[in-house]
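Step one of this worksheet: look at the structure below.
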Amino acid sequence: MGSVLRLCSTLGLLRRGKQVHGYVIKTHFESNDYVVTGLVDTYAKCNCIMEAEYLFRMMPDKKNHVMWTAMVAGYSQNGEALKAMECYRDMVVEGVESNQFTFPSILTACAAVKAVDFGAQVHGCIVRTGFEANVFVQSALVDMYAKCSNLDRAARVLENMEVDDVVSWNSMIVGCVRQGCEGKALSLFQKMHAKDMKMDSFTYPSVLNCFASMKDIKNAMSVHCVILKTGFEDYKLVNNALVDMYAKQGSLDCAFQVFNHMPIKDVVSWTSLVTGYAHNGHHEEALRLFIDMRKAGIYPDHIVLASILSACAELTVLEFGQQVHANFVKSGLKSSLSVDNSLLTMYAKCGCIEDASRVFDSMQIQDVITWTAIIVGYAQNGKGKDSVRFYEQMIASGTKPDFITFIGLLFACSHAGLLESGRSYFASMEKDYGIKPGAEHYACMIDLLGRSGKLVEAEALLNQMDVEPDATVWKALLAACRVHGNLELGEKAAKNLFELEPNNAVPYIMLSNMYSASGKWEEAARIRRMMKSKGVNKEPGCSWIEVNSIVHSFVSEDRGHERTAEIYSKVDEMTLSIKEAGYVPDTSFALHNLDEKGKELGLAYHSEKLAVAFGLLTVPPGAPIRVFKNLRVCGDCHSAMKYVSRAFHRHIILRDSNCFHHFKEGQCSCGDYW
DNA sequence: CTAGGGTTAG
């Protein structure tokens, strides 16, 4: 019976194991130590930890050390590290001695939950009982220390080993990679070669992972050759690591090639490709691959869901994201921090701050990413004061803010015009949390100071930066100069932008407009000519709206849509009724070389107005109209939208290149400052 | 009768 059970446990044969269990009961062997140990082990290996636990507990008080070990191992192998530790503790309390089988199991459990203190105590017992020469015990120690970020102690155990054990070396390499010590990992791998150690199918995934984070394509390709030569190309995990490594390098063709040659692909293979495409900016392709994965019958896991939701967030495709959310709920997968964080971000980026907030409220635990996401989300949606409220809650909850949190927080302060809070948070980040401000933080501060009319202070802050000002910093300064009519400083900012972003038309247009506004027509024309001669083109303004999963896009005075006639008469109806309510077209946003009537006509059919009119025609009453624009919304359109939201009792959400505008009952969430 | 290591996200 013992050998049959051994076979069942090794092969994971649950049904045959249950048959043996029935036979054990029939033949009254249910109190035989050897037999019950075998059953405990079989059930544990078949992921039936409850049954294993039941049999273990039903045994009379005195259980031998082998059965205890089987139970500890069972918990550990079923991902119940804490229970494994509890069980081991009970074993020690009962006075049962551990052996060379017990220690590796309990150390694995410690490694899984990074319980380095518990692990170190076990290490003490190992030394006391003389098991430290056992190679299984040693490798488990190396792995435990490495996983608990204690590379030094791991290395010490490794160095004291008498044999060159590939398992221990593999563990050490993985530990180094996870700690960001890729160089150490690589030199270990080279040492393995020098020692002529036999690599196995576990070595390659770790080493490839190392090359992936080092972006070392040359070495990676030669290892790929070795893999082919030594016959390791049939291992799924090796191939998954290859796909991931090539995808992370941006060599999507190579990644795809390896992927296509794999006879069996699992969710990890697909995820590596999906994230590879997403990271290289091909978000649509990532969504398409996700659909292909589902068609291939692969069920998504938490990781692929988190990636796909962040692709949805990047593309602001709300309906796709909602479907992914719905499928996640239906799938019965347990909710997880990473998926919830991605859902939260997706909703916030799509302008659904209420849904983002609902996700936040539903979460059992929040980490720094959660808090940062909600802070940024509220700020992007024009509710900077709520962001600040969440930041204070975060601090009260004991979560430490990081570099990114402060970008979100300062962004919130600047968009809400919270000058004093912004100043004090900016000072606090280095003083209280030791985080050195980066260009991103300075850009927010300069934006905040600029909006508050403190141009002198903004310039002073720029001059005292200890990091090189990047384009975002100069853009913030330029925007401030435009609002406050400071030509001289504006020229300086624009000139820096011409160099940093030579293909960006925005600084040319802004500077030219600033010249026009102060009557310097010659200068304005000169900038336009300069722009033309450098071949820089203004990106055409474009707005779009998603209705029933179809995207309808419009440019200014667009007549290409099949319902053009209806759309234009809706725009005219819109204009007429908001004029009655007091709207006056702001012709300062129109072209200069037209008379008043011509200017007004030029404004009337801007892309965002066409998209909103289409929304009024197609989106059911009561539902919000969500429009996206590639550029900043024009001032006249912004004013018109406020009136439309009141006259038509509609919540209009317009996401432009800068932020979300929530128009409701004649008001905009941005407070008219954007 | 009982034991150790690998790949995917943010």
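The sequence lines fix the lettering, A, B, ..., with proteins before strands; numbering per chain opens at 1. Since this is a predicted model, take the numbers as computed values, not measurements.
Within the structure, every side-chain polar atom (N or O) of A:Lys63 is placed at least 4.0 Å from both OP1 and OP2 of B:dC1. Contact annotation: A:Lys248 reaches the phosphate of B:dT8 (side-chain N/O to OP1 or OP2, under 4.0 Å). A:His279 has a side-chain polar atom (N or O) that falls below the 4.0 Å cut-off from OP1 or OP2 of B:dG10. Phosphate proximity of B:dA3 to A:Lys45: present, with a side-chain N or O under 4.0 Å from OP1 or OP2. Taking side-chain N and O atoms only, A:Gln77 has no distance below 4.0 Å to OP1 or OP2 of B:dT2.
Taking atom CZ of A:Arg178 as the reference point, atom P of B:dG5 lies 11 Å away to the nearest angstrom. In this structure, A:Ile375 places its CD1 atom 20 Å from P of B:dG10, rounding to the nearest Å. Rounded to an integer number of Å, the gap from CD1 of A:Ile106 to P of B:dA3 is 14 Å. Summarising the geometry, the separation between CZ on A:Phe259 and P on B:dT8 is reported as 16 Å, rounded to the nearest angstrom. Here the P atom of nucleotide B:dT7 and the CG atom of A:Asp301 are 14 Å apart, to the nearest Å. Following rounding to the nearest Å, A:Leu343 (CG) and B:dG10 (P) show an atom-to-atom distance of 14 Å. In this structure, the CG atom of A:Leu107 is 13 Å from the C1' atom of B:dG5, given to the nearest Å. Atom CE of A:Met346 and atom C1' of B:dG10 are 15 Å apart (whole Å).
Within residues 225-242 of chain A, the residues having any heavy atom under 4.0 Å from DNA chain B are, by residue number, A:Leu237, A:Asn240. Applying a 4.0 Å cut-off to non-hydrogen atoms, the residues of residues 169-177 of chain A that approach DNA chain B are A:Asn170, A:Ser171, A:Val174, listed by residue number. For the segment residues 366-373 of chain A, no residue has any heavy atom less than 4.0 angstrom from an atom of DNA chain B. Near DNA chain B, defined here as any heavy-atom distance below 4.0 Å, the residues from residues 108-135 of chain A are A:Thr108, A:Asn134, A:Val135, listed numerically.
Under the rule for a side chain to side chain donor-acceptor pair (under 3.5 Å), the partners of A:Gln179 that lie at least two apart in sequence or sit in another chain are A:Ser149. For A:Asn240, the side chain to side chain donor-acceptor pair (under 3.5 Å) test picks out A:Asp266, A:Ser269, with sequence neighbours left out. A:Asp33 pairs by the side chain to side chain donor-acceptor pair (under 3.5 Å) definition with A:Asn64, not counting sequence neighbours. In this view, A:Pro300 and A:Phe290, A:Met293, A:Arg294, A:Val304, A:Leu305 satisfy the side-chain contact (heavy atoms from CB on, under 4.5 Å) rule, not counting sequence neighbours. In terms of the side-chain contact (heavy atoms from CB on, under 4.5 Å) criterion, residue partners of A:Val177 (sequence neighbours excluded) are, by chain and number, A:Ile173, A:Ala185, A:Asn209, A:Cys210, A:Ser213. A:His302 pairs by the ring pair (Phe, Tyr, Trp, His ring centres under 6.0 Å) definition with nothing, not counting sequence neighbours.
Checked by atom type and distance alone, the side chain of A:Asp164 never pairs as donor or acceptor with a backbone atom of A:Lys195 at under 3.5 Å. Looking at A:Ser342, its side chain does come within 3.5 Å of a backbone N or O of A:Ser338 through a donor-acceptor pair.
Evaluation of the side-chain hydrogen bond (donor to acceptor under 3.5 Å, both in side chains) test over residues 270-282 of chain A, restricted to residues two or more places apart or in two chains, returns none.
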Side-chain atoms of residues 124-133 of chain A: list all donor-acceptor pairs with protein atoms under 3.5 Å, sequence neighbours left out, distances to 0.1 Å.
unit_1	atom_1	unit_2	atom_2	d
A:Thr129	OG1	A:Cys125	O	2.7
A:Thr129	OG1	A:Ile126	O	3.3

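Ion pairing between A:Lys349 and A:Glu314 holds under the 4.0 Å rule for side-chain N and carboxylate O. A salt bridge links A:Asp143 with A:Lys147: the closest approach of a Lys/Arg side-chain nitrogen to an acidic carboxylate oxygen falls below 4.0 angstrom.
Under the 30°/60° scheme for interplanar angles, the aromatic rings of A:Trp68 and A:Phe56 are found to stand perpendicular. Between A:Tyr235 and A:Phe232, the ring-plane angle classifies as tilted under the 30° and 60° cut-offs.
A donor and an acceptor atom never sit less than 3.5 Å apart when one is taken from the side chain of A:Asn209 and the other from the base of B:dG6.
Ring stacking is absent between A:Phe101 and B:dA3, as the pair misses the limits of under 5.5 Å between centres and under 30 degrees between planes.
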